[in-house]
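These notes are about the structure you will find just below.
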Amino acid sequence: MTIERRKVWECVGCGRVDDPRPCVGICRDQKVEYVLAKEHDAVVEALAGVLRAIATTTPRDGEALRHWGALQQRAREALARVG
């Protein structure tokens with residue numbers, strides 16, 4: 001999945017976001033939610049690290065529970081960082 005990033009204008013006073021494009025005569029305002037790219041990237045990076053560890057590690061014989069516990073701890077730490 002590719003996430004599309006758009007460059008927009010943001011008012012430093014009120015926070016209004018504007019993405020100027022040629023108007024085709026049917027424009028209207030609607031409420032939408034945006035996330036700052038740097039905040040999004042931080043969440044993706046934190047969670048990707050946990051997923052990478054799950055996908056690429058194999059526990060040693062007899063260590064599956066300890067291995068899973070360590071992965072759970074990494075996941076809890078990542079979730080705490082991202083809020």
- Identify whether Leu79 and Val43 are in the same connected component of the hydrophobic contact network (ILVMFWY, side-chain heavy atoms under 4.5 Å). yes
- Does Gln73 CD have over 12 foreign heavy atoms under 6.0 Å away? yes
- Between the CD atom in Glu45 and the CZ atom in Arg52, the distance rounded to the nearest 0.5 Å is 8.5 Å
- Task: Can you see which heavy atom on Ala53 is nearest to which on Arg74, and at what distance?
- Result: CB-NH1, 3.3 Å
- Message: Minimum heavy-atom separation for Pro59 and Ala64, please, with both atom names.
- Response: CB-CA, 3.8 Å
- Message: Can you tell me how far apart CD (Gln72) and CD (Glu77) are? Round to the nearest 0.5 Å.
- Response: 12.0 Å
- Rounded to the nearest 0.5 angstrom, the CD-OG1 distance for Glu63 and Thr58 is 13.5 Å
- Message: Looking at every heavy atom in both Arg76 and Gly69, which two are closest together, and how far apart are they?
- Response: NH2-O, 4.4 Å
- Item | From CH2 (Trp68) to OG1 (Thr57), nearest 0.5 Å | 9.5 Å
- Task: Search all heavy atoms of Arg81 against all heavy atoms of Ala46 and return the closest pair with its distance.
- Result: NH2-CB, 3.6 Å
